[in-house]
Undergrad: 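Dumping the structure here so I can ask a few things about it.
Lettering of chains follows the sequences in order, A, B, ..., and the numbering in each one begins at 1. When reading the values below, keep in mind they use all heavy atoms of this one structure, side chains included, and skip hydrogens, waters and symmetry mates.
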Amino acid sequence: NAGVTQTPKFQVLKTGQSMTLQCAQDMNHEYMSWYRQDPGMGLRLIHYSVGAGITDQGEVPNGYNVSRSTTEDFPLRLLSAAPSQTSVYFCASSPQSGANVLTFGAGSRLTVL
Amino acid sequence: GENVEQHPSTLSVQEGDSAVIKCTYSDSASNYFPWYKQELGKRPQLIIDIRSNVGEKKDQRIAVTLNKTAKHFSLHITETQPEDSAVYFCAASRQGSYIPTFGRGTSLIVHP
């Protein structure tokens, strides 16, 4: 079991460029989510998904798109990167049944110049 | 929606002292309260959680208490060690909701 795998670990972009942060989990978890972490701001929810084909917005969705074509994968797309999107991004998953325990990926540090 | 306040934002203690981090929540329907620890450069990981049907839960040197009436819960770490240095996040969620609302985190520094 690899758990939750995020790629890339580090990325530098120029303003206006696009990119996709990849997230995959092998635990057959129904729920997946993306957070961004900024100093003093905690973990803020960007988008989440309750299952394949279903996504919804979190607290800070602007500038980001997601899709969930399979149970395993939940990529996060930045269509036109802005310096305000410089952050550390975490993908997380949790099962539908039992405790609402989140399993996080290792994180992706994104810098937008 | 739910709002979780966490205090203090920074906590500095000497090795061997106790540390207490407090959180308050706004949604009286919240019934699951996890705590996550994030070491420097690492991912957050669950260290302890409590459900609303109990008032206290312990796991070795860490304990969590819950006061449903006052809508606050706390993390207690006894006999702190340098490896306890990390950022701690509290969170709250409702039964059936897998999306917790997080506090802003507490940076705990344990001085040897």
Undergrad: Give, as side chain, backbone, both or neither, the part of A/V50 having an atom under 4.5 angstrom from any heavy atom of chain B.
TA: both
Undergrad: Should the heavy atoms of other residues, nucleotides or ligands under 6.0 Å from CG of B/L40 be counted, would the total exceed 12?
TA: no
Undergrad: Going only through I, L, V, M, F, W and Y residues with side-chain contacts under 4.5 Å, is there a path from A/Y35 to B/Y32?
TA: yes
Undergrad: Given a strict heavy-atom distance threshold of 4.5 Å, which part of A/Q37 is in contact with chain B: side chain, backbone, both, or neither?
TA: side chain
Undergrad: Nearest heavy-atom pair of B/P44 and A/F90: which atoms, and what distance?
TA: CD-CE2, 3.9 Å
Undergrad: Under 4.5 Å, counting heavy-atom pairs only, tell me which of A/S33, A/S49, A/A92 racks up the most with chain B.
TA: A/S49
Undergrad: Pairs in or reaching into residues 35-65 of chain B: which pass ring pair (Phe, Tyr, Trp, His ring centres under 6.0 Å), with residues at least two apart or in two chains?
TA: A/F104-B/Y36, B/W35-B/F73, B/Y36-B/F102
Undergrad: If hydrophobic clusters are built by linking Ile, Leu, Val, Met, Phe, Trp and Tyr wherever their side-chain heavy atoms come under 4.5 Å apart, do A/V60 and A/W34 end up in the same one?
TA: yes
Undergrad: Checking heavy atoms, do the side chain of B/S9, its backbone, both or neither come under 4.5 Å from chain A?
TA: neither
Undergrad: Would you say CZ of A/R109 has more than 12 non-hydrogen atoms from neighbouring residues, nucleotides or ligands within 6.0 angstrom?
TA: no
Undergrad: Checking B/Q6 against chain A: side chain, backbone, both or neither under 4.5 Å from a heavy atom?
TA: neither
Undergrad: Tell me, for A/L43 versus chain B, whether the close heavy atoms (under 4.5 Å) come from the side chain, the backbone, both or neither.
TA: both
Undergrad: Is the number of heavy atoms from other residues, nucleotides or ligands within 6.0 Å of CD (B/E79) greater than 12?
TA: no
Undergrad: Under 4.5 Å from any heavy atom of chain B, what part of A/Y48 do you find: side chain, backbone, both or neither?
TA: both
Undergrad: For B/P100, is it the side chain, the backbone, both or neither that has a heavy atom under 4.5 Å from a heavy atom of chain A?
TA: both
Undergrad: Can you confirm whether B/Q14 is buried at CD, in the sense that more than 12 heavy atoms of other residues, nucleotides or ligands lie under 6.0 Å from that atom?
TA: yes
Undergrad: Could you report the tightest heavy-atom contact between B/R43 and A/A106, atom names first, then the distance?
TA: NH2-CB, 3.4 Å
